[in-house]
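Note that ligands are numbered from 1 as they come in the structure, with each ligand's atoms numbered from 1 the same way. By convention here, the first residue in the shown sequence is residue 1.
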Amino acid sequence: MTHDEPDPQPTPAIDAEAVLTQLSAYRSHDAPTHGGSVLSYVYDSGLAELDELAARAAHLALPVNGLDPTTFPSVALMEADLITFGRTILHGPDAVGSVTSGGTESCLLAVKAARDRWVSAGAGGARAGGAGAGDAGRPRIVLASSAHAAFHKAAHYLGLELDIVPVDPATGVPAAADLISSLGSDTALVVVSAPSYPHGVMDPVAEVAGAAAERGIPCHVDACIGGLVLPFWADAGGQAPAPWDFAVPGVSSISADLHKFGYAPKGASLLLFAGRELDLARYFALTNWPGYPVVNPTVLGSRSATSLAAAWAVTTALGPDGYVDLTRRIVTATGEVSRCVEGIEGLRTLGDPAGPLVAVVADEDVPTERRVHPHLWAAACAQRGFVLQGQPALHQSDGTLLPRSTHLTITPATAAILPALTTALREAADEVRGASVQLPADLPVPDPAALAASARESGDLDLTQVLALIETLPRETSAGLLGQFLAAFTAPRPAP
Ligand SMILES: *Cc1c(COP(=O)(O)O)cnc(C)c1O
């Protein structure tokens, strides 16, 4: 008798080409990720070989699970190299920390560490009553109105209250005295930006960090966008920013995104702490369950090592000198873009940007009919192939109005197409000068599902109207609509 041969198991038929063709078709709907015509979201070094390197490094790390660096020591080695790089350029010889998935996660963990330190120090325990009903005993974050939304999100997720300090609408900068006078025994963390995302201007880091240190309060510098470009700004011929990194006494943590001006693909940010105490407070560890011992330095459990590897490869290949070279292109281009805007009747730049971010507002010094509405301008620029980012006006707690603006982030790739960009900026302004955005007086609250359906259909969305609605509706209403809109936009589509 012979054994029956087992039936061969079927092998899945994989038609890679067909799958990739479909993905390419999906990708063809996207805004261009290279070439510098999208002035937010993407940070293009303009170096094709750097992108190729990142892709190859990511591929090498593709099967790795970053959950356990003892099983996959490459994760620990790459991370240690990146922390070394970060502490060098940020002047924190003893700084420690982690590579996270992005700026939001870095900010979230900085808040988590400060909150847990505040709780374990019993800082709020002695405090009876509180600033308001319902939030008594909750730790608080002091920050400017221009601080990134990630801190609102962190407070929302982690149960903290926000003390939001207005910025000067003319400069985008909060007064150090206002931030400092908000510090109290219930302040778990004060946040300053270097620079702020909306206007690209520096918060008064040294004053605030020093005052916070005197009170035993940690000070986080949010350099998510500035952290990999400001360190090279002066060497690249730009004006040196006011001191803002670990060289400043009192700075206890810094976030710096590798996937912005680090030129790494998305999914990588640095979070550094000046010392071990706060650093350890960001961890989550658990031995009280029947599974494997858990120790997570960041939010995720199992995590990809692809973006870590890509970021490691890009920073290793560029080194500080490579960053200086790329920053040189940005310094020149940012100056040219600012001068171009200043030369356009009806527009001006807001404040004194310290790096590669420019906020453009209507020039109130010219008559209404000669002003340029920054969101109509952005729409007219989009018609010419340049994607700028509209930012709505904001009423601040002191009654002042931060003007609506349009945001430009200048990258090395943008530097390479400056003549086309500046021509578009000028022509777009000529096209819309004097025009205003009209919303119907009996404003019906829009149906987000209908908006999403038409945006899917036509491939574009009237962002000018969306921003006008955000300025008009109560903020809670518009925030709710945004959620419904995105849910509808990303929902499964009916079969064709
Ligand atoms: C981009 C940014 C963040 C958030 O980072 P993500 O990577 O988008 O999560 C936080 N702060 C500042 C100043 C930023 O520019």
Q: With heavy atoms of Thr104 as the reference, note each atom of ligand 1 found under 4.0 Å away.
A: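 Close to Thr104: 4 (C), 5 (O), 6 (P), 9 (O).
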Q: Start with the C-alpha gap between Ser98 and Glu79, add the side-chain angles, then the distance that decides, and say whether side-chain hydrogen bond (donor to acceptor under 3.5 Å, both in side chains) holds.
A: CA-CA 7 Å; Ser98 229; Glu79 188 156 12; 2.9 Å; yes
Q: Is the backbone N or O of Ala211 less than 3.5 Å from a side-chain atom of Arg215, with the two atoms forming a donor-acceptor pair by type?
A: yes
Q: Roughly how far, to the nearest 0.5 Å, is the OG1 atom of Thr315 from the CG atom of Leu270?
A: 8.0 Å
Q: Looking at ligand 1, would Glu105 count as a contact under a 4.0 Å heavy-atom criterion?
A: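 Not so, Glu105 does not reach ligand 1.
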Q: Judged by atom type as modelled, is there a donor-acceptor pair below 3.5 Å linking the side chain of Thr477 to the main-chain atoms of Leu473?
A: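 Such a contact is absent between Thr477 side chain and Leu473 backbone.
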Q: What protein heavy atom sits nearest atom 4 (C) of ligand 1, and how far away is it?
A: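 The protein heavy atom lying closest is His148 CE1, 3.5 Å.
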Q: Classify the ring geometry between Tyr323 and Tyr263 as parallel (under 30°), tilted (30 to 60°) or perpendicular (over 60°).
A: parallel
Q: For Lys266 and ligand 1, answer yes if some heavy atom of the residue is under 4.0 Å from a ligand atom, otherwise no.
A: no
Q: Please report which non-hydrogen protein atom sits nearest to atom 11 (N) of ligand 1, along with the residue it belongs to and the distance in Å to one decimal place.
A: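 Closest protein heavy atom to atom 11 (N) of ligand 1: Asp222 OD2, 2.6 Å.
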Q: Check each atom of ligand 1 against the heavy atoms of Ile225 and keep those under 4.0 Å away; list them by number with element.
A: 15 (O)
Q: Just do the side chain to side chain contact (heavy atoms under 4.5 Å, CB included) check on Met202 and Trp244 with the steps written out, would you?
A: CA-CA 9 Å; Met202 300 291 280; Trp244 59 273; 3.6 Å; yes
Q: What is the nearest protein non-hydrogen atom to atom 2 (C) of ligand 1, stated with its residue, atom name and distance?
A: Lys260 NZ, 2.2 Å
Q: Under 3.5 Å, is there a donor-acceptor pair between the side chain of Lys260 and the main chain of Gly226?
A: no
Q: Could you tell me, atom by atom, which parts of ligand 1 come under 4.0 Å of a heavy atom of Gly103?
A: 4 (C), 5 (O), 6 (P), 7 (O), 9 (O)
Q: Suppose I only count heavy atoms of His259 and a 4.0 Å limit; which atoms of ligand 1 are within that range?
A: 7 (O)
Q: Going by the atom numbers of ligand 1, which of them fall below 4.0 Å from some non-hydrogen atom of Asp257?
A: 1 (C), 5 (O), 7 (O)
